[in-house]
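Okay, structure first, notes after.
Numbers restart at 1 for each chain; the letters A, B, ... are given by sequence-line order, proteins then strands. Treat the numbers as computed from the prediction; the structure is a model and nothing was measured.
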Number of protein chains: 2
Amino acid sequence: MGESSARPLRADAERSVRAILEAAERVLSEDPGASMEQIAAAAGVARTTIHRRFAHRQALVDALALSAARRLAQAVDDGRPDTAPPSVALHRITANVLEVKGAWTFALGVPTAPGSEAAAIHQEMAGHCLTVLERARAEGLIDASADLHWVRRVYYALLGESLHGDADDTGVDTDTLAARVVDTLLHGAGPRRA
Amino acid sequence: MGESSARPLRADAERSVRAILEAAERVLSEDPGASMEQIAAAAGVARTTIHRRFAHRQALVDALALSAARRLAQAVDDGRPDTAPPSVALHRITANVLEVKGAWTFALGVPTAPGSEAAAIHQEMAGHCLTVLERARAEGLIDASADLHWVRRVYYALLGESLHGDADDTGVDTDTLAARVVDTLLHGAGPRRA
DNA sequence: GCTATCTGCAACAGCGTTGATGCATATCAA
DNA sequence: TTGATATGCATCAACGCTGTTGCAGATAGC
């Protein structure tokens with residue numbers, strides 16, 4: 001439930017919706033207070049066309065958040081959080097998530113409404129995340145006494161930080177960034193044991 | 001340079017300015033798009049009074065950001081980043097910064113204009129931060145091959161994450177939070193050596 | 001080709017916010 | 001006390017954004 005309450009849109013209409021969502025992400029990530037007019041211009045579409053598909057501005061934002069949440073969930077699932085070896089899953093998921101999160105900064109930053117489908121997706125992803133961390137702990141990758149909820153928060157924070165891209169990072173391989181995130185999460189900045 | 005281009009304000013006027021800045025922080029941290037009217041109400045002041053002290057809305061925001069930057073700089077200095085033993089400085093600065101950052105979430109989140117005084121303060125703080133990290137590395141607290149710029153970014157991210165306060169944290173001692181931040185920064189989540 | 005759908009354009013009313021002004025009143029400081 | 005300063009209040013014009021509507025033309029789908 002989410003996209004189709006009426007019959008499917010015509011081909012061109014669906015193309016418009018996609019263009020609008022992508023343009024909205026592009027514009028709103030640079031200025032969260034941008035007007036519908038600006039979004040419409042970026043989408044190559046008249047403002048009224050946006051209002052035809054999304055009654056209120058909030059409806060557009062919600063749709064955007066939901067769309068991005070789905071992509072992110074897909075990125076997590078692709079990492080096989082339940083079956084792949086923890087270290088592998090951790091790395092793969094990190095790389096996948098970095099990719100998606102970088103492309104949907106605004107949409108994934110929108111606070112999800114308590115009962116919404118987007119919120120449910122995010123909760124489910126948090127669950128998957130904890131699963132991976134638990135499996136990692138069981139294998140000794142994470143300290144036995146660690147508070148996994150804190151670890152998860154740190155993980156999220158590191159993911160977010162990786163995306164700011166302080167000059168040096170521009171153009172760096174996603175896998176390299178992911179490796180750094182995972183390494184920092186597990187070992188911090190302290191001296192390495194021989 | 002910053003506060004006094006004309007002669008000092010009268011006592012009650014200065015009180016108003018303080019009330020306005022504090023109210024602005026309170027209101028804007030909950031809704032960055034809040035109107036001047038809402039801020040004025042929260043400050044117990046007429047909207048026109050705000051406009052008397054701050055010509056544009058942006059002027060108010062800038063003043064707020066500058067005020068908060070100064071407080072944060074003070075918090076850093078109080079930790080003696082140049083003279084105290086690195087581990088001590090790291091902990092003290094972290095605790096101090098957590099205190100200030102928690103109270104001025106919005107003001108410290110405002111993007112600082114390139115040439116502004118606030119930007120200069122933030123740059124100086126970044127410098128102090130790197131100094132502490134270098135001294136910590138010299139003492140072996142941080143790995144010799146570590147990229148201190150990345151470490152600093154991670155440190156900032158951990159500070160930010162500590163302030164979200166996921167239920168459990170509410171009412172927890174600042175020193176405890178600081179200890180967790182520093183510990184995570186240095187050791188990550190991996191298993192501890194005996 | 002025919003029809004239903006989609007789109008752009010233009011115009012509209014409504015709304016909230018901003019920033020400015022004048023004036024009467026309250027408060028501080030000397 | 002007295003003069004300068006600060007404040008509240010009412011009012012104003014201007015602006016931008018939102019959301020809606022009607023219509024004519026373009027496009028997709030059968």
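At D:dT20, none of the side-chain N or O atoms of A:Arg52 fall inside 4.0 Å of OP1 or OP2 (strictly under the cut-off). In this structure, B:Thr49 reaches the D:dG8 phosphate: one of its side-chain N or O atoms is under 4.0 Å from OP1 or OP2. For B:Ser16 and D:dT7, the shortest distance from a side-chain N or O to OP1 or OP2 is below 4.0 Å.
At distances below 3.5 Å, at least one donor-acceptor pair connects side-chain atoms of B:Thr131 with backbone N or O atoms of B:Gly127.
Taking CZ of B:Arg57 as the start and CG of B:Leu60 as the end, the distance is 7.5 Å to the nearest 0.5 Å. Atom CG of B:Leu186 sits about 14.0 Å away from atom NE2 of A:His187, to the nearest 0.5 Å.
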List every contact pair, protein side and nucleotides 16-19 of chain D side both N or O, where the distance is under 3.5 Å.
| residue | atom | partner | partner atom | Å |
| --- | --- | --- | --- | --- |
| D:dT18 | OP1 | A:Arg57 | NH1 | 2.8 |
| D:dT18 | OP2 | A:Met36 | N | 3.0 |
| D:dG19 | OP2 | A:Arg57 | N | 3.2 |
| D:dG19 | N7 | A:Arg47 | NH1 | 2.9 |
| D:dG19 | O6 | A:Arg47 | NH2 | 3.0 |

Side-chain donor-acceptor pairs under 3.5 Å in residues 155-165 of chain B, sequence neighbours left out?
| residue | atom | partner | partner atom | Å |
| --- | --- | --- | --- | --- |
| B:Tyr155 | OH | B:Thr94 | OG1 | 2.6 |
| B:Tyr156 | OH | B:Arg152 | NH1 | 3.4 |
| B:Glu161 | OE2 | A:Arg153 | NE | 3.1 |

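No hydrogens or angles considered: a donor-acceptor pair under 3.5 Å links the side chains of A:Asp175 and A:His91. Under 3.5 Å, the side chains of A:Trp104 and A:Ser29 contain no donor-acceptor pair of N or O atoms.
Per the geometry, CZ belonging to A:Phe54 stands 14 Å off P belonging to D:dT20, to the nearest Å.
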Q.
Generate the contact string for nucleotides 24-29 of chain D. Rules: B means base contact, S means sugar-phosphate contact only, - means no protein heavy atom under 4.0 Å.
A. ---BSS
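Using a cutoff of 4.0 Å between basic side-chain nitrogens and carboxylate oxygens, B:Asp31 and B:Arg26 are not scored as salt-bridged.
Put simply, the side chain of B:Gln123 does not reach to within 4.5 Å of the side chain of B:Thr112, judged on heavy atoms.
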